[in-house]
Amino acid sequence: MCNPRNYSDTPPTSKSTVEELHEPIPSLFRALTEGETHLHWNIVSFPVSEELTYHENLVSFLESFDMSPLQNVSLPEESPHVQLENEKEPHCTVVYFDDCMSIHQCKNSCESMGASKYRWFHNACCECIGPDCIDYGNKVVKCMNCTF
């Protein structure tokens, strides 16, 4: 017999479901996230390089293994950070809804505001991800009324 898994080991905020949305409207998302809002959401912007840090750490980790069967795999020679030094670094903008919602409500809400992707945390926090984000936004729960 198998021992039942202890679900208290990993909090729901550490797990999430992500999906790309089929018909994003970047101009709508940008219009809704510019300036101050009195709606029930929190807008967070951060440098795209923060999203890429995870990927760079993963590549470094994988390079530490002997990958002789994968000799034909090539990795970029320059870090994305180097290319952005002389330019204004792009920012990833995400929206966290204040209240908890189902995954279906999250997807519909993000679609209706023109988001490119969404992340639904398993504590029912919803994050809509803007068009300038390379990955799936921020991996930290920041919903005001949905923190369990």
Side-chain angles (χ1 to χ4, degrees), residues 2-65 73-148:
C2 296
N3 290 333
R5 182 166 181 212
N6 183 355
Y7 287 99
S8 64
D9 290 348
T10 52
T13 55
S14 68
K15 298 178 184 177
S16 62
T17 300
V18 295
E19 185 179 344
E20 291 196 27
L21 299 172
H22 298 291
E23 296 182 31
I25 307 171
S27 58
L28 174 60
F29 186 86
R30 288 184 185 109
L32 290 171
T33 57
E34 287 179 356
E36 254 184 71
T37 179
H38 298 288
L39 301 172
H40 298 287
W41 63 46
N42 181 26
I43 301 167
V44 178
S45 289
F46 51 91
V48 168
S49 61
E50 286 182 25
E51 278 192 304
L52 299 175
T53 301
Y54 168 77
H55 295 290
E56 290 172 358
N57 291 339
L58 180 60
V59 168
S60 297
F61 174 73
L62 292 173
E63 286 176 338
S64 69
F65 290 99
V73 175
S74 63
L75 299 171
E77 290 182 19
E78 291 187 18
S79 163
H81 299 289
V82 173
Q83 298 169 355
L84 298 173
E85 282 179 2
N86 296 328
E87 304 172 20
K88 183 180 179 217
E89 185 172 3
H91 277 69
C92 171
T93 300
V94 299
V95 171
Y96 293 93
F97 288 95
D98 288 347
D99 297 322
C100 299
M101 61 179 68
S102 71
I103 191 169
H104 182 71
Q105 290 172 312
C106 179
K107 180 177 180 176
N108 288 341
S109 297
C110 292
E111 280 179 328
S112 71
M113 68 182 309
S116 298
K117 307 168 195 166
Y118 73 94
R119 178 185 297 273
W120 183 77
F121 293 93
H122 292 196
N123 73 330
C125 174
C126 178
E127 175 187 14
C128 299
I129 301 153
D132 300 318
C133 302
I134 294 172
D135 198 14
Y136 285 92
N138 198 329
K139 295 165 185 67
V140 179
V141 174
K142 294 188 180 183
C143 296
M144 299 291 285
N145 304 324
C146 190
T147 56
F148 59 89

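- A heavy-atom distance below 4.5 Å is found between the side chains of Lys107 and Leu21.
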Worked check of side chain to side chain donor-acceptor pair (under 3.5 Å) between Asn145 and Asp99
CA-CA 5 Å; Asn145 304 324; Asp99 297 322; 2.8 Å; yes
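- Residues Cys126 and Cys110 form a side-chain contact, since some pair of their non-hydrogen atoms from C-beta on lies under 4.5 Å apart.
- Atom CD1 of residue Ile43 and atom OH of residue Tyr96 lie 12.5 Å apart, to the nearest 0.5 angstrom.
- When all heavy atoms of Ile129 and Ala115 are compared, the closest pair comes out as O-CB, 3.5 Å.
- Looking at Phe29 and Cys128, their side chains come closer than 4.5 Å, going by heavy atoms from C-beta outward.
- The structure places SG of Cys92 at 8.0 Å from CG of Asn138, a figure rounded to the nearest 0.5 Å.
- The main-chain N or O of Gln105 is never found under 3.5 Å from a side-chain atom of Trp120 such that the two would form a donor-acceptor pair.
- Cys100 approaches Asn123 most closely through the heavy-atom pair SG-O, 4.0 Å.
- A distance-only check finds a donor-acceptor pair linking the side chain of Lys117 to the backbone of Ile134 [under 3.5 Å].
- In this structure, the side chains of Met113 and Trp41 come closer than 4.5 Å at one or more pairs of heavy atoms.
- Considering Glu127, Lys139, Arg119, His122 in turn, Arg119 is the only one that fulfils the side-chain hydrogen bond (donor to acceptor under 3.5 Å, both in side chains) rule with Ser16.
- Here the side chain of Asp132 pairs no donor or acceptor atom with the backbone of Thr93 at under 3.5 angstrom.
- The closest side-chain heavy-atom distance from Pro131 to Arg30 is below 4.5 Å.
- Between atom NE2 of residue His104 and atom OG of residue Ser109 there is a gap of 9.5 Å, rounded to the nearest 0.5 Å.
- Not a single donor-acceptor pair under 3.5 Å links the side chain of Lys142 to the backbone N or O of Cys125.
- Put simply, the side chain of Ile103 reaches to within 4.5 Å of the side chain of Tyr118, judged on heavy atoms.
- Atoms CG and SG, on Asp98 and Cys143 in that order, are 7.5 Å from each other to the nearest 0.5 Å.
- For the pair Tyr136/Glu19, no side-chain contact is recorded, criterion being any heavy-atom separation below 4.5 Å from C-beta on.
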